[in-house]
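All values below come from the heavy atoms of this structure, side chains included, with hydrogens, waters and symmetry mates left out. Each ligand, and each atom within it, is numbered from 1 in the order the structure gives.
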Amino acid sequence: METVYLDNNATTRTAPEAVEVMLPYFSDLYGNPSSMHYFGGQVEKSVRSAREKVASLIGAEPGEIVFTSCGTESDNTAIFGTLESYPEKRHVVTTRVEHPAINHVAQVLTKRGYRVTQLPVDRSGGLDLKQLETAVTPDTAVVSVMWANNETGVVFPIEEIAGIVKEKGSVFHTDGVQAAGKIPLDMSRQKHIDLLSISGHKLHAPKGIGVLYVRKGTRLAPYIIGGHQERGRRGGTENVPYIIGLGRASELALERLDDENTRVSALRDKLEKGILAGIPNSLLNGQGQPRLPNTLNVSFEYIEGESILLMLSKLGICASSGSACTSGSLEPSHVLRAMGIPFTAAHGSIRFSLSYYNKEEEIDFVLQHLPGIVQKLRAISPFWDQYQRQAAVGG
Ligand code: PLP
């Protein structure tokens with residue numbers, strides 16, 4: 001059975017080109033980049049070059065790149081580090097659709113006595129910017145709004161949001177974990193963004209490496225306290241091989257940003273059109289909003305997403321229901337709930353997320369099998385049965 005991997009918002013394949021450049025740093029080039037001798041120095045040079053490549057991907061200066069262990073650490077650092085830098089401010093603004101790396105931090109902050117505003121979204125997953133503007137007060141230390149949603153792919157107007165926040169005098173952080181490598185990010189132009197999180201394993205680098213972009217001049221206390229690494233912004237000996245891998249993956253992502261994303265987007269559109277046209281009672285989540293080129297979230301009414309996933313999995317097709325972090329729980333996704341998607345649709349939602357490695361035959365394979373799977377599950381669904389009866393009597 002061939003694997004058809006359509007779960008790239010959960011994690012991506014590490015690019016073979018990235019693996020190749022990483023390998024020497026596990027064996028021959030094992031020096032510590034902080035060492036004074038030539039052996040550490042040559043590694044330091046490679047880390048510097050990787051930092052430049054990551055910076056280029058997002059139009060930043062190399063000195064603004066802080067390597068972390070993952071997107072979650074970057075998000076936590078942005079929030080806790082800012083709060084520590086502005087101890088007099090006790091308010092944080094975020095949204096109801098953030099990843100748990102921000103959402104759960106918001107819960108912890110509430111318990112610690114901070115005031116937290118979690119902005120709602122509308123049925124299509126969009127934010128009301130007037131509401132955002134009103135929410136930010138002189139007491140607001142940081143506003144954190146994700147660039148693109150990991151479940152629906154909805155892209156928020158981050159430049160506009162950042163402008164509103166800066167006008168009000170707060171620090172602006174965006175979780176760009178799903179956006180980096182999929183849509184252009186340019187910190188040299190998008191000047192109101194103070195802090196930006198990236199995760200390596202979402203853009204074909206390995207798991208366990210992340211980045212926090214910190215705009216020059218931003219006040220930010222370190223979150224991991226230790227040595228002087230990362231200009232004192234993050235203690236701990238650098239994860240050299242992974243940093244090198246992320247450098248190469250960033251270079252590839254930049255090269256592929258236009259052409260490859262256009263190709264990925266065409267494949268996604270084919271899948272989307274095929275599903276919506278071929279399967280009754282399938283609803284597109286995030287419709288009407290700008291979305292990432294690779295993401296498709298569809299609700300199949302009156303059946304369970306988990307059952308669909310299992311049947312797809314038997315055919316080698318990997319997708320997800322809700323985010324990987326919430327699957328395994330029977331609660332529908334907090335993102336779809338925040339959007340007000342009814343219970344009967346939210347439970348049957350599936351996320352397909354593509355990458356450069358997907359081929360058209362794989363999309364055709366899914367389109368060949370999915371309608372039959374949905375039909376089979378509906379045949380044994382009491383909710384579908386009830387819906388059909390109601391429809392028959394015009395109810
Ligand atoms: N933020 C978003 C939007 C994500 O999708 C993820 C991962 O799914 C994270 C943060 C966490 O990144 P990591 O897995 O590197 O900790």
Do any N/O atoms on K202 end up under 3.5 angstrom from N/O atoms on ligand 1? yes
Residue part near ligand 1, for M146, under 4.0 Å between non-hydrogen atoms: side chain
Side chain, backbone, both or neither: which applies to K207 and ligand 1 if a contact is any heavy-atom pair less than 4.0 Å apart? neither
Pairs of nitrogen or oxygen atoms closer than 3.5 Å, one from V177 and one from ligand 1: do any exist? no
Using 30° and 60° as the class boundaries, would you call the ring planes of Y387 and Y302 parallel, tilted or perpendicular? parallel
Backbone, side chain, both or neither: what part of E73 comes under 4.0 angstrom of ligand 1, heavy atoms only? neither
So which bit of T72 gets within less than 4.0 Å of ligand 1, heavy atoms only: side chain, backbone, both or neither? both
Look only at the side chain of E306 and the backbone of S321, and say whether a donor-acceptor pair between them is shorter than 3.5 Å. no
With heavy atoms under 4.0 Å as the rule, classify the contact between I102 and ligand 1 as side chain, backbone, both or neither. neither
Heavy-atom contacts with Q178 under 4.0 Å: which atoms of ligand 1 show up? List them by number with element. 3 (C), 4 (C), 5 (O)
Are E52 and R48 within salt-bridge range, i.e. N to O under 4.0 Å? no
Can you name the atoms of ligand 1, numbered from 1 with element, that are less than 4.0 Å from a heavy atom of H201? 13 (P), 14 (O), 15 (O)
Side chains of D75 and H99: do they bring a donor and an acceptor to under 3.5 Å? no
salt_bridge(R51, E238) N-O dist < 4.0 Å: no
Heavy atoms of P332 and R337 approach each other most closely as O-NE, 3.2 Å
Taking E362 first and then K359, would you say they form a salt bridge - that is, a charged N and a carboxylate O separated by under 4.0 Å? no
